[in-house]
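Contents: one structure, followed by commentary.
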Amino acid sequence: MHFNKDLLEEIGMLEADGTVKIERGEEGFFKFFEEVKKRAPEGVMPISGTSQYGLPMYLWYTLLTQYGGDILDETGTKATLDTPENKKALSIMMRMVENDIWPKNQKNGAEIFTAQKAVATINGVWALPIFESAEGLNFISIPFPQFTDTDSVYADSHSLVFPKNDNISDEERKAAMEFAVWLTNNSAKWGKAGHIPSKPSVAQSDEYQSLLYRKDYAPSAEYAKFYPQSTSIAGFTELIQRELAAMIAGEQDVDKTASNLQTEFQKLLDAKNK
Amino acid sequence: MKGATNSERLKNIIKENIAAWLFLIPYLGFFICFLLFPILRGMYVSLFDAALGRESIFVGLENYVTIFKDKAFWQSLFNTLFFVIISTPAIVLVGFVFAIFVNSKLKGTTFLRVSYFASYVLSMAVVTGLWIFIYQPYTGLLSVITNALGLGEIYWLNTKWLVWFAILVTTIWWTVGFNMVLFLVGLQDIPDEIYEAAEIDGANSRQILFRITIPLLRDTTVLVILLQTISSFKLFGQTYLMAGGGPGTHTRTLVHYIYETGFTNRRMGLAAAMSVAFFVVVLLVSLLQNKVFAKK
C-alpha cells in the first residue's frame, strides 16, 4: 500500500518518524481511513485503486487468506468459496466501497494517486517506477495492513519454466539450470522495477537494500500467499475479476457474489476433472 | 475453314481460362488455407473434447448439447443480438444522415467528409482508450461535466443498460464514417437530372428525399445494412476493453465467450461448437435479410 506523504502531513496523519501507523484488525483499518476521509481536502479520496481487472482480486485474496480461507480444498477438486471466510473478505471490500473509503468503479487508480487526488492507493510493487517518476509526488510504501492475526498478502511471481523435452542433452539441461541460478542470484536489479527478489540472500544484499522504498515492503514476501496450483487458475482469474467488478459496481451483493463464485468455479474444476 | 475458327476459338477460351485462373490462384490459395480449411477444421474439432496440450477425445454432438444447456451461452447470444438490434439501425441511420449532409453543395463539406471518416482509421485500442477517458468517473471528461451540472458521478461503464448506450455511442463514432462513404457513393450515382426534373415539377425537399433519394439508394442501403449487421455481430473489442464484458456478464458477447472458453479455459472443442452455432445464427440472419430485401 502506498501513501501520499505530503497529503498525510497536510491532514496531520503522518507519524513523527515519517511513517504511517494503522492498528492491526478490521476496526483499526477503518478507524484510520474514516479519519482520513474526514480530514481529506475536497476532491481527494482516501484510497484509490482500479475497481476491475487485477487489483480487486489482489485485495480480495489478501483478505480471504488473512481470514483463513482459500479457493480450493486440499484435493484440488472442490471450490471453497461459499464460505464465511469468503463472505467476510467480500464484506470488507464492500465496507470500503460503501463508505467511500475506496470509491467505486475507478478506472485509473494509479493515475488518481499520481495526480495527488488520493491519500493512499492499493497497487502492486510494479507500480513503484510509475510513482517514482511522477513529478512532485512524495510517497511512502508499506506492506498491506493486516486484518487478523494471520499475516498474509496476495502474491504472484515471474517464473522460469523448463518445458518437458526428451530430446535435449544433459549438458543442455544443466546449462539451462545454470542460467536460472545466475538469474536469481543477480535479481537485485530486477528490484528496480519494484519486484521483491525470490532469494532472501539477494533481498538482503546491499544492492537491493540501497534502493529506496523496496526494503519497506520487502518483508511481506515472508508471508506472501500464492494461489494453489491448479490448471483452472486462468479461468478462475477471469471469473473472480468479473464477479468482484460487478459486486463493487453494486450490481450484486456479497451473498450472490459468493454463490456465483462457488458454482462457476466448481464448473471449471469439474470440466478439468472429468 | 469453319473447323479451323472453331478450334481457334476453343484455344482462345482455354487461354483466357488459364489466365483467369492464374490471377485467381493467389487469392484462392489464401482463402482455402486460411479461411475455408480453418472453418471445416473448426467444425471437425467441435465434435471432440479437445483441449490444448492433451489428446482429443471424440464426443459426437456432446459439445452441442452442453452449449444448448449452458445459460451463459444463451446470455451471450442474447447480448450479441441485442447489440445488433440497437446498433444496426442507429449506425445505418446516422451514416445516411451524415452522407446527405456532406453531399450537399455547401462550403466546407470536404473538411466534414474527412473529419467524419477520420475516426474509422483508428485502431480499436486507441478508440476504446479515448472513450474510457471520456467515460471514466472522478477524472473523466463527462465526469467533470456532470459534476459541474450537479448530476454527480455517472458510472457509464459500470451500470447495466447504461453501459450499452456508452458502447453504442463509441461504436457509432468509430465506424459511422464507413457507412457514410458507402451512402455518399450511392448518392453521387443518382443523376442530377432526376433532381432537376423533380424541382421543375414542384416537388418539395421532403418529397425529393422520400420519393427519389431513398428509393434510388435502395441497393446501397441493403448493402450497408448487411455489412453493418455482420460487423455488429462481431462485437468484442469495445465491450471487452471498455467494460470487461461487465458489469458481471452483462456485456459479454458471443465472441468474447468463445474466446474465454477456448483460450482462457482451454476448451477448444466446446469453443469450436459455439463458433459453429454462431456461424449458423449469422447465416440465418443473413438469409432472412436476403429474403426481406429481395427484389420483387
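This one's a predicted model, so the numbers in the text were calculated from it and none came from an experiment. Convention: sequence-line order gives letters A, B, ...; per-chain numbering from 1.
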OG1 (B:Thr249) and CZ (A:Arg242) are apart, to the nearest 0.5 Å, by 6.0 Å
* Are more than 12 heavy atoms from other residues, nucleotides or ligands located less than 6.0 Å from atom NZ of A:Lys37? -> yes
Cut-off 4.5 Å, heavy atoms of chain A, and the answer for B:Glu153 is neither
What one should report as the nearest heavy-atom pair of B:Pro247 and A:Ala246 is C-CB, 4.1 Å
Answer yes or no: does atom CZ of B:Arg41 have more than 12 heavy-atom neighbours from other residues, nucleotides or ligands under 6.0 Å?
no
If one checks every heavy atom of A:Met247 against chain B at 4.5 Å, the contacting part turns out to be neither
query = Does atom CZ of A:Phe162 have more than 12 heavy-atom neighbours, drawn from other residues, nucleotides or ligands, at distances under 6.0 Å?
reply = yes
Shortest non-hydrogen pair, A:Tyr53 vs B:Leu241, comes out as OH-O, 3.4 Å
In short, B:Asn265 meets A:Lys272 closest at the heavy-atom pair O-NZ, 3.5 Å
Rounded to the nearest 0.5 angstrom, the CG-OG1 distance for A:Leu268 and B:Thr264 is 10.0 Å
Closest non-hydrogen atoms of A:Ala271 and B:Arg267, given as atom of the first, atom of the second and distance, are CB-NH1, 3.3 Å
Given B:Pro137, B:Ala72, B:Gly246, B:Gly140, the one with more heavy-atom pairs under 4.5 angstrom with chain A than any other is B:Pro137
On a heavy-atom basis, the closest approach of B:Tyr138 and A:Lys104 is OH-O, 2.6 Å
Whatever's closer than 4.5 Å to a heavy atom in chain B on A:Lys117 counts as neither
Taken to the nearest 0.5 Å, the spacing of B:Glu260 CD from A:Leu239 CG works out to 8.5 Å
Donor-acceptor contact below 3.5 Å, side chain B:Arg266 vs main chain A:Gly235 | no
Chain B shares the most heavy-atom pairs under 4.5 Å, among A:Glu243, A:Gln241, A:Met45, with A:Met45
Check: A:Lys107 and B:Thr139 side chains under 4.5 Å, non-hydrogen atoms:
no
Discussion item. Check this for me: B:Tyr120, atom OH, are more than 12 non-hydrogen atoms of other residues, nucleotides or ligands nearer than 6.0 Å?
Written reply: no
Highest number of heavy-atom pairs under 4.5 Å with chain B among A:Ala249, A:Ser51, A:Pro103 belongs to A:Pro103
Whatever's closer than 4.5 Å to a heavy atom in chain A on B:Thr159 counts as both
Bottom line for A:Glu264: the part with an atom under 4.5 Å from chain B's heavy atoms is neither
Practice item. Might you work through the salt bridge (Lys or Arg N to Asp or Glu O under 4.0 Å) test for A:Glu238 and B:Arg252, ending with a clear yes or no? Key: CA-CA 12 Å; A:Glu238 192 106 2; B:Arg252 181 167 64 180; over 6 Å; no
